[in-house]
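Since the structure comes first, as structure tokens, the remarks are kept for the end.
In what follows, chains carry the letters A, B, and so on, assigned in the order in which the sequence lines appear, proteins first and then strands, with residues in each chain numbered from 1. All values below were derived from every heavy atom in this structure, side-chain atoms included, with hydrogens, water molecules and symmetry-related copies excluded. A quick note: this is a predicted structure, and the numbers were derived from the prediction, not measured.
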There are 2 protein chains.
Amino acid sequence: MEREQTASMEDYLEAIAHLCGESKVARVKHISQALGVKMPSVTSALRKLSEGGLVEHERYGYVGLTAEGDRVARDVIRRHETLYRFLSEILNIDSEVAQEDACKMEHAISSVTLESMVKFLEFVLSHPQREPTWLKNFKRYLEQGELPQECLERCVR
Amino acid sequence: MEREQTASMEDYLEAIAHLCGESKVARVKHISQALGVKMPSVTSALRKLSEGGLVEHERYGYVGLTAEGDRVARDVIRRHETLYRFLSEILNIDSEVAQEDACKMEHAISSVTLESMVKFLEFVLSHPQREPTWLKNFKRYLEQGELPQECLERCVR
DNA sequence: TTGACTTGTTAGATTCGTCTAATCATATCA
DNA sequence: TGATATGATTAGACGAATCTAACAAGTCAA
């Protein structure tokens, strides 16, 4: 299951999947707004994705994903969501920055690393109190800049 | 302190810094081997970096970093090292994959996220036993695929 | 049903990063 | 000291992804 799309094409697929999820249909203009590119760039990307069998697009009409395109888009979105959750829930990164970073890192992370990160989130956040103590302490550390005494004691105890 | 270099140029700077660190000098051929590109690509990149004042390069001669080039390279390397440590020491990713992923993600991570990740590693690994119990349990979880009973008990206790 | 507005497409330029093929410079050693 | 191998550069092409400008199609309402 190699990654056969470029970062840019993955972005298009991801955006189309989101738009189709929201309003049932995607249009060139919406895609262009979602990605911050001009419409001709979208047209040209759609032609490529269409030839690759990932997108269905009738001239001057709606845009949709094929089954295969949807599969790829889901995969990208899973990477994005996982990274976003890690960044915001573990590293405590501000929501907007976390989205931006997830958006760029989603194209760089390998599937091996992704699966490990998924398990990490599962492991850490399936904790009965949702957030284990060490994570609460880490977030305190982030704000206060020094290891909480309580934590040091606990550790050495 | 915005990121003003492309991913590709950052890779060149990083490679040059490493080569200079090892053998005191860098040559076009070594850079090309280190990055897996052909020599003309290196020559062309060096011209650009040279014009940007990041690299010193005399025709047919050695390649070195300017003070500014070194500053940028250090920054890239810091990102790489941080990501590598996180991937291998926390997510338990195989060394080779961790290097590859760090190599790609280093261009995508923001400085905000980076600093939080640095603090995360500090926090987790400054633990008296080097590795806190939860991390040991996580690694067990990775291998065995289910939450160790011991951990569940501890958590609920 | 015909303007006028919105949306989409085409054509063509640009930038970036790479490549191959050909040429040029340097170093080595017989 | 010159022939040859190695290393470096130039020239030119290519693909990816974007843009602007100009044109075409679709929509809606008076």
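Counting to the nearest Å, the P atom of dA17(D) and the CD atom of Glu51(A) are 13 Å from each other. Between the CD atom of Glu10(A) and the P atom of dA16(D) there is a distance of 15 Å, rounded to whole Å. Rounded to an integer number of Å, the gap from OH of Tyr62(A) to P of dT7(C) is 12 Å. Taking atom CE of Met39(B) as the reference point, atom C1' of dC24(C) lies 12 Å away to the nearest angstrom. Rounded to an integer number of Å, the gap from CD of Glu58(A) to P of dA25(D) is 16 Å. For His30(B) and dA8(D), the NE2 to C1' distance is 13 Å, given to the nearest whole Å. Distance CE (Met9(B)) to C1' (dT18(C)): 10 Å, rounded to an integer number of Å. The nearest whole Å value for the distance from the CD atom in Glu4(A) to the P atom in dA16(D) is 14 Å.
Look at Thr6(B) and you'll find a side-chain N or O under 4.0 angstrom from OP1 or OP2 of dG17(C). Distances shown here put every side-chain N or O of Lys38(A) at or beyond 4.0 Å from the OP1 or OP2 atom of dA17(D). In terms of phosphate contacts, Tyr60(A) brings no side-chain nitrogen or oxygen within less than 4.0 Å of OP1 or OP2 of dT10(C). For Ser41(A), no side-chain nitrogen or oxygen approaches OP1 or OP2 of dT18(D) to under 4.0 Å. One finds a side-chain N or O of Lys29(A) lying less than 4.0 angstrom from the OP1 or OP2 phosphate oxygen of dT7(C). Not one side-chain nitrogen or oxygen of His57(B) sits closer than 4.0 Å to the OP1 or OP2 atom of dA8(D). Phosphate contact (OP1/OP2 of dT18(D), side-chain N/O of Ser8(A), threshold under 4.0 Å): present. Within the structure, a side-chain polar atom (N or O) of Arg27(A) is placed less than 4.0 Å from OP1 or OP2 of dG8(C).
Summary of the strand contacts: Arg59(B) and Gly36(A) both lie near DNA chain D, and taking for each the nucleotide with the nearest heavy atom, the more 5' one is attributed to Arg59(B).
The side chain of Thr43(B) lies closest to dA8(D), out of dA8(D), dC19(D), dA11(D). In the set dC16(C), dA11(D), dG8(C), dC16(C) carries the atom at the smallest distance from any side-chain atom of Lys48(B). Checking dT18(D), dT9(D), dT18(C) against every side-chain atom of Tyr12(A), the shortest atom distance belongs to dT18(D).
Of the inter-residue distances, the one linking Glu10(B) atom CD with Leu13(B) atom CG reads 7.5 Å to the nearest 0.5 angstrom.
Thr113(B) approaches Val97(A) most closely through the heavy-atom pair OG1-CG1, 4.3 Å.
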query: Between Tyr84(B) and Ser95(B), is a side-chain contact (heavy atoms from CB on, under 4.5 Å) present by the stated rule, with each step listed?
result: CA-CA 8 Å; Tyr84(B) 176 73; Ser95(B) 165; 3.2 Å; yes
task: Just do the side-chain contact (heavy atoms from CB on, under 4.5 Å) check on His18(A) and Ile77(A) with the steps written out, would you?
output: CA-CA 9 Å; His18(A) 279 132; Ile77(A) 288 170; 3.9 Å; yes
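Remark: aromatic rings of Phe86(B) and Phe86(A) are close, center separation under 6.0 Å.
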